[in-house]
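The block underneath contains the structure these notes are about, expressed in structure tokens.
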Amino acid sequence: MLDIKFIRQYPDKVKEGCSKKMVIVDIDQLLDVDRRRRGTIQAVEDMKAKKNEASKQITVADEKEKKKLIMEMRELDTNSDRLDKSMKELDEEFNDLMLQIPNMPLDDVPVGRSDKENSVLRKWGNETKFNFPAKDYLAIGEEFDLIDVKRAAKVAGTRFGYLKREGALLEMAIVNFTFDFLVKKGFIPIIPPVMLKTEMARGMGYLEQSDKEEAYYLPQDDMYLIGTSEQAIGTMHSGEIFSEKDLPVRYVGFSTCFRREAGAYGKDTKGILRVHQFDKIEMFSFCSPEKSKEEHKFLLSMEESLMRALKIPYQVLNICTGDLGRPAAAKFDIEAWLPSENRYRETHSTSNCTDFQARRLDIRYKDKTGKLGFVHTLNGTAFAIGRTIIAIIENYQQKDGSIKVPNVLQKYTSFKKIAMK
RNA sequence: GGAGAGGUACCGAAGUGGUCAUAACGGAGCCGCCUCGAAAGCGGUUAGUCCCCUUAAGGGACACGUGGGUUCGAAUCCCACCCUCUCCGCCA
């Protein structure tokens with residue numbers, strides 16, 4: 001959510017931000033509702049002030065005076081009912097419009113219409129080439145019985161997978177390695193709930209329009225399954241006030257993530273690249289507003305360090321305004337090299353959501369002088385484990401058909417390569 | 001799932017229709033006084049959001065878990081929901 005005061009003051013900036021993000025919202029209509037709403041607030045408050053004054057008098061008035069005042073107040077009530085009703089309508093309209101407005105992109109975010117206009121910031125590592133016929137991850141995974149999507153389809157349907165044998169063990173190794181790495185950097189390890197109350201899901205800004213279709217909803221309990229642990233970590237401090245000296249507060253969370261992939265029919269239908277359920281390690285920061293740009297770079301540097309530790313070639317994308325999504329003010333993606341596709345595929349994403357989520361969730365901080373302000377929230381993928389395993393299998397396949405385990409992970413596994421069924 | 005108790009400030013807690021929310025009382029934190037220093041004691045302080053006005057100052061509304069209702073008036077009475085705790089049942 002944006003600050004209405006900011007919208008009043010800089011309507012043109014907000015309109016520009018919306019159009020850069022390819023979001024259509026009628027800002028003039030919002031400002032009109034805002035004007036009418038404030039007028040009504042004034043009228044309602046005047047009336048309440050009158051009633052409060054009369055109430056005070058009633059307590060000290062004599063019997064005759066009291067009766068007269070009560071009659072007057074009864075009459076006033078018929079008017080106030082009408083006002084209350086239009087107040088409620090205006091509030092609803094106002095909130096509706098406010099929730100539609102996306103976060104403003106930061107000034108240095110490149111302007112573009114869609115993901116086709118994202119720019120490559122840098123590349124790391126040499127794109128893996130083999131002097132033997134390379135296989136794709138699914139062929140190798142099935143050969144060694146690491147991945148089983150056929151039986152998953154029987155049991156749960158398409159877009160599910162079993163991770164088996166060394167595949168399952170590899171997941172544990174990645175989790176342990178990543179937690180060791182990030183806890184040493186000061187991140188607080190956490191395993192969050194994977195279900196959210198509706199109000200919390202809304203607070204994270206993922207329930208508006210098409211985003212809503214992406215989440216699994218449990219009607220019996222009015223709850224949502226999380227699409228990423230970001231949603232359960234960001235909401236953790238809702239309604240709370242940090243001391244500025246305690247910021248930044250950084251978490252590393254592990255959770256299963258659930259996505260309906262409603263708009264992705266026909267896309268990546270094979271294998272486990274795009275599935276309804278996967279495990280992910282996620283970083284999340286709460287920081288002061290002045291530090292969020294720096295914090296964003298820090299999260300990106302953590303992502304890159306992790307990829308370099310695994311020695312998987314990657315590129316960093318600077319996401320353009322049209323591809324940011326609603327809550328983000330700036331975003332970087334990392335794509336890992338997949339030899340079988342001869343291209344990079346997304347494995348990481350880190351967003352600076354500035355105060356957009358903090359406003360909705362009422363997460364503030366108190367500075368040295370006692371002044372309150374909204375914190376900035378940021379998130380970044382440490383590893384989406386399924387896709388990381390895909391990248392490892394493909395980039396680490398050997399001429400003899402085996403898969404080497406990346407050096408940094410060997411400490412966390414009892415095997416150095418995967419060669420036997 | 002059944003039965004009960006409860007949610008008030010940083011924490012504990014009183015208040016059970018109006019003079020009790022700038023919220024009694026107790027504790028904790030911070031600042032100051034006292035002291036060579038500390039403890040004790042004393043004094044101060046620890047919330048906000050919105051609207052009007054805006055240079056400042058000021059005025060008003062709301063805030064007793066959340067949302068409704070009853071009433072001239074609700075922390076207090078009624079309804080729904082959320083959360084916490086205790087006991088029983090079930091359970092990894």
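Per chain, numbering begins at 1; letters A, B, ... match sequence-line order. Just the heavy atoms: all of them, side chains too, but no hydrogens, waters or symmetry mates, feed the values below.
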Query - Nearest-neighbour nucleotide for the A/Asn52 side chain, B/rC72, B/rC62, B/rC51 considered - result: B/rC62
Report summary line: Regarding the side chain of A/Arg364, the nearest nucleotide among B/rU49, B/rA61, B/rG73 is B/rU49
I'd like the [atom1] distance from [M] over to [N], given in whole Å.
N      : M      : atom1 : value
B/rA23 : B/rU55 : C1'   : 35 Å
B/rU8  : B/rA75 : P     : 15 Å
B/rC30 : B/rC11 : C1'   : 16 Å
B/rU46 : B/rC51 : P     : 24 Å
B/rG2  : B/rA61 : P     : 44 Å
B/rG29 : B/rC88 : C1'   : 43 Å
B/rG73 : B/rU19 : C1'   : 13 Å
B/rC72 : B/rG58 : P     : 36 Å

State whether a side-chain donor-acceptor pair under 3.5 Å links [X] with [Y].
X        : Y        : answer
A/Thr228 : A/Lys280 : yes
A/His376 : A/Ser292 : yes
A/Asp362 : A/Ser238 : no
A/Tyr365 : A/Asp246 : no

Requested in this report: Could you label the plane-to-plane angle of the A/Phe286 and A/Phe242 rings as parallel, tilted or perpendicular, counting under 30° as parallel and over 60° as perpendicular?
Outcome: tilted
Report task. Quick one: sort the A/Tyr217 and A/Tyr224 rings into parallel, tilted or perpendicular, breaks at 30° and 60°. Result -> tilted
Requested in this report: Quick one: pull up CD in A/Gln231 and CD in A/Glu282 and give me the separation to the nearest 0.5 Å.
Outcome: 9.5 Å
Query raised in the report: Checking A/Lys417 against A/Phe415: charged group under 6.0 Å from the ring centre and within 45 degrees of the axis?
Result: no
Query - Geometric cation-pi criterion, A/Arg250 with A/Phe298: 6.0 Å, 45° - result: yes
Atom pairs, N/O to N/O, protein against nucleotides 74-83 of chain B, distance under 3.5 Å?
residue, atom, partner, partner atom, Å
B/rC82, O2', A/Lys197, NZ, 2.9

Query - Secondary structure of RNA chain B in dot-bracket form (Watson-Crick or G-U wobble, distances below 3.5 Å, | marking inter-strand pairs) - result: ((((((((.[[[..)..(......]]]((((((.......)))))).(((((.....)))))..[[[[[..)....]]]]])))))))....
Rounded to the nearest angstrom, tell me the gap between atom [atom1] in [X] and atom [atom2] in [N].
X        : N      : atom1 : atom2 : value
A/Asp362 : B/rC62 : CG    : P     : 20 Å
A/Gln9   : B/rU54 : CD    : C1'   : 14 Å
A/Met200 : B/rU66 : CE    : P     : 13 Å
A/Arg37  : B/rA61 : CZ    : P     : 18 Å
A/Glu240 : B/rA9  : CD    : C1'   : 16 Å
A/Lys50  : B/rG60 : NZ    : P     : 15 Å
A/Arg36  : B/rC51 : CZ    : C1'   : 18 Å
A/Gln42  : B/rC53 : CD    : P     : 8 Å

Query raised in the report: Just checking A/Ala54: base, sugar-phosphate only, or nothing, at a heavy-atom cut-off of under 4.0 Å?
Result: nothing
**Report entry** Below 4.0 Å: OP1/OP2 of B/rC50 and any side-chain N or O of A/Arg38
**Finding:** no
Query raised in the report: Quick one: is B/rC51 close enough that its OP1 or OP2 comes under 4.0 Å of any side-chain N or O from A/Arg8?
Result: yes
Query raised in the report: Taking the nucleotide of RNA chain B with the closest heavy atom to each, which residue, A/Lys5 or A/Lys51, is nearer the 5' end?
Result: A/Lys5
Query - Ring centres under 6.0 angstrom apart (A/Tyr314, A/His348) - result: no
**Report entry** salt bridge (Lys or Arg N to Asp or Glu O under 4.0 Å) partners of residues 97-112 of chain A, not counting sequence neighbours, each pair once
**Finding:** A/Asp108-A/Lys293
